[in-house]
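Labels below follow one simple rule: chain letters A, B, ... track the order of the sequence lines, proteins then strands, and each chain is numbered from 1.
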4 protein chains.
Amino acid sequence: MSGAGERPLRADAARNRARLLDVATEVFTTRGVGVPTEEIARAAGVGVGTLFRHFPTKEALLEAVMVRRLEAIAARTALLSAEPDPAEAFFACFRLVIEQSAGKNEFAQALAAAGVDAHAALQEPSQVIRAQLARLLDGAQRAGAVRNELGLPELIALLAGTGAAMEQLGADPAARERILDVVLDGLRPR
Amino acid sequence: MSGAGERPLRADAARNRARLLDVATEVFTTRGVGVPTEEIARAAGVGVGTLFRHFPTKEALLEAVMVRRLEAIAARTALLSAEPDPAEAFFACFRLVIEQSAGKNEFAQALAAAGVDAHAALQEPSQVIRAQLARLLDGAQRAGAVRNELGLPELIALLAGTGAAMEQLGADPAARERILDVVLDGLRPR
Amino acid sequence: MSGAGERPLRADAARNRARLLDVATEVFTTRGVGVPTEEIARAAGVGVGTLFRHFPTKEALLEAVMVRRLEAIAARTALLSAEPDPAEAFFACFRLVIEQSAGKNEFAQALAAAGVDAHAALQEPSQVIRAQLARLLDGAQRAGAVRNELGLPELIALLAGTGAAMEQLGADPAARERILDVVLDGLRPR
Amino acid sequence: MSGAGERPLRADAARNRARLLDVATEVFTTRGVGVPTEEIARAAGVGVGTLFRHFPTKEALLEAVMVRRLEAIAARTALLSAEPDPAEAFFACFRLVIEQSAGKNEFAQALAAAGVDAHAALQEPSQVIRAQLARLLDGAQRAGAVRNELGLPELIALLAGTGAAMEQLGADPAARERILDVVLDGLRPR
DNA sequence: AATGAATGAGCCTTCATTCAT
DNA sequence: AATGAATGAAGGCTCATTCAT
């Protein structure tokens, strides 16, 4: 549902915008949000002016990056609605969200921000995700696969935390899997 | 082991140094490391010049803050050596580290940094902690209280991650406890 | 004497040029010359490119605006040549020039600039005005209606100054009239 | 009545502040407010940082310049209270204000701004001036030296306008005097 | 001819760090 | 030792102007 107010955008402009988003995503997640706008522009092969034409503020750029990530997650979690087994669906979703944010420190912050938040633009996609998570959690709990005392806030916090934990083990997939097992097992009723 | 090169430090100088560390700890953890040095100095009731006399660099100040926190943790975990029950000792230590870092986002980073690191000054205290964690982990595993396949890196990552998760639930102690339960239960052998 | 080098200009191009001049006049006089070119173009319903096709420089646009205003004044003052009573003609002209520039701060500057100047394009129309003012002043002085010691520079300065004064009283026509009376009376021989 | 909240200011700091104000006054009035802050700092022999330490904003610097000018005028006009002859006092004041602003285009704007205004800091000094002008005007009118129908707004507008007019004749003191005569004579009752 | 995206020099402002007092 | 004024390199952002479409 990409709104009404947007005009088609010329081919090259769209390409530049996309490049900027890609570069910014990469740079922000690997080196933090302190990277100068000028460097991002250069890495995207455009001038600063172009960056600021597309994103009126550095913060707006960051927001756009986060929105895109949240939307990607929302799209993926939506696919899990098809899964018939609620427990299966829930755990697949947990993995998916973690993996999406794997290796991206900033994203943990984005998700965290989604918990409280202030930026209007993030509200919509994060609400979508929250709604889906809530549904999946409920299903899994009804199926007896997840502790009943856990609520949505705890789930979100665990997602962010597990993501953060896995980032530290970046180079070692087996260790990451072990961590994920710990958390997933911990979610089950005692 | 406070080295050899340091001279006694006049009483007021020592007081200033301590105040700066306290204020910086508070400020860095609650508002991030972006807070201007001048503001820290003012909050500590000294001039910037004094701050830079004690800590030649902003980074040095941050480092000192982290060292102090790590040393505090090391001191506490050391006390747990006395605990006869290895499982008990391990879980108490886990809680302790988490609680120390609870509410302090930056500290999670400090711990994370302790995993890889670059700053020489952090090496020593973090090595101490690592050694103690390794010993406690080993004891708990021998006692059959913790999964055998987990290594020290996974433990550290889980500590950082759980700390991060609990920060999101700041205002809700019960929810925090539920999260901690999930992880602690997950650590147990299946 | 609209030179030789200009080709006829397509109908729509001429319309755009006129619109740009109108908008620029309005915008420059009400909000100052600091308004971005892009905004002027948008208000005129064209792209920036079009603006710069018609006026190679922002300064050129400002110049064109001023030339048009000067020419309008020159045209009006020319009509006063018909007036048989020299005193009448002079005072009418004074009022006219003031009223033309009333409410347009920038125009006062334009007139001021006409006194010294640098822009070649302004020279011609301002010379025309100056010549007419000189003639009217001379007539009024011969008729004994204006102090003999006043020269053209003083007249121009008074025009600009009175215009500036009246701008401050924008909302109060009666007060403006009172000011004008002061100056007009002051012009008379003691 | 320079408030209570200001601390004494070190000797060199005071010197720098004064130099900055002097330079800014000169530069703003001769070349407009568009001059880069960096240039002002350089001309004052300090770094930009120093400029911004003393004046947190370019606008604050401009404001300080204007306040100082207004206060200087207020101080001078206050001296005229001693003058026994009301007509004499009024005309002296008129001259004085004009001469203070002579050659300083921006100042006309400051006075104009004093008419409407928004900046709190300018309010006080401009109110003082207005009050004094009002008193002098009233005295002169009672003495029959100035037209009764003129109010304070008209007086202020005439001051600004006359100042503007005289700026155009900068190099020619005799011509300036002639203009002033015109206005002063015009102020008298017909 | 018109369009509007792209460009990049330049501006205001911040802040870690130095140094005169 | 302490102070806080001074410094200047960066950084975010604007806008006149150019150029591909």
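Annotation: side chain of B:Arg19 is not in contact with side chain of B:Val46 (no heavy-atom distance under 4.5 Å). Under the 4.5 Å side-chain criterion, counting only non-hydrogen atoms from C-beta, C:Asn16 is in contact with C:His54.
Nucleotide F:dA5 holds its C1' atom 14 Å from the CZ atom of D:Phe55, rounded to whole Å. One atom, NZ of D:Lys58, and another, P of F:dT14, lie 16 Å apart when rounded to the nearest Å. Atoms CZ (D:Arg42) and C1' (F:dA6) sit 17 Å apart, rounded to a whole Å. Rounded to whole Å, the distance from CZ on A:Phe52 to P on E:dA9 is 16 Å. What separates CG of C:Leu61 from P of F:dT17 is a distance of 10 Å, to the nearest Å. Atom CD in D:Glu38 sits about 9 Å away from atom P in F:dA9, given to the nearest Å. The interatomic distance linking B:Glu39 (CD) with E:dA16 (P) rounds to 10 Å, in whole Å. Atom CZ in A:Arg53 sits roughly 12 Å away from atom C1' in F:dT14 (whole-Å rounding).
Nearest-nucleotide positions on DNA chain E place B:Gly34 closer to the 5' end than the other of D:Asp12 and B:Gly34. Mapping C:Glu59 and B:Thr50 onto DNA chain F by nearest heavy atom places B:Thr50 at the nucleotide closer to the 5' end. Of the two residues contacting DNA chain F, namely D:Gly49 and A:Pro56, the nearest-nucleotide position lying further toward the 5' end is that of D:Gly49.
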Exercise. Might you work through the side chain to side chain contact (heavy atoms under 4.5 Å, CB included) test for A:Arg53 and A:Leu20, ending with a clear yes or no?
Key: CA-CA 11 Å; A:Arg53 164 176 277 272; A:Leu20 282 166; over 6 Å; no
Practice problem: Show your working on side chain to side chain contact (heavy atoms under 4.5 Å, CB included) between C:Glu63 and C:Phe55 and close with a plain yes or no. | Solution: CA-CA 10 Å; C:Glu63 190 180 273; C:Phe55 308 97; over 6 Å; no
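Scanning both residues, B:Pro125 and B:Glu71, for their nearest heavy atoms gives CB-CG, 4.0 Å.
Of the residues listed (A:Ile40, A:Val33, A:Val23), the one engaging A:Leu61 in a side-chain contact (heavy atoms from CB on, under 4.5 Å) is A:Ile40, and it is the only one.
Comparing E:dT13, E:dA16, F:dA6 by their closest approach to the side chain of D:Asn16 singles out F:dA6. Listed candidates were F:dA1, E:dC12, E:dA16. Nearest to the side chain of D:Pro36 is E:dC12. Nearest to the side chain of C:Val48, among F:dT17, F:dA5, F:dA9, sits F:dT17.
Contacts of D:Val46 with the nucleic acid, taken as non-hydrogen atoms under 4.0 Å apart, involve only primed sugar atoms and P, OP1 or OP2.
Comment: B:Asp22 does not engage B:Arg17 in a salt bridge, judged by the lack of any side-chain N to carboxylate O separation of less than 4.0 angstrom.
For DNA chain E, runs of at least 3 consecutive pairs of the Watson-Crick or G-U wobble type, with both hydrogen-bonding distances under 3.5 angstrom, map to E:2-21 with F:2-21.
The side chain of B:His54 places no N or O atom within less than 4.0 Å of a non-bridging phosphate oxygen (OP1 or OP2) of F:dA1.
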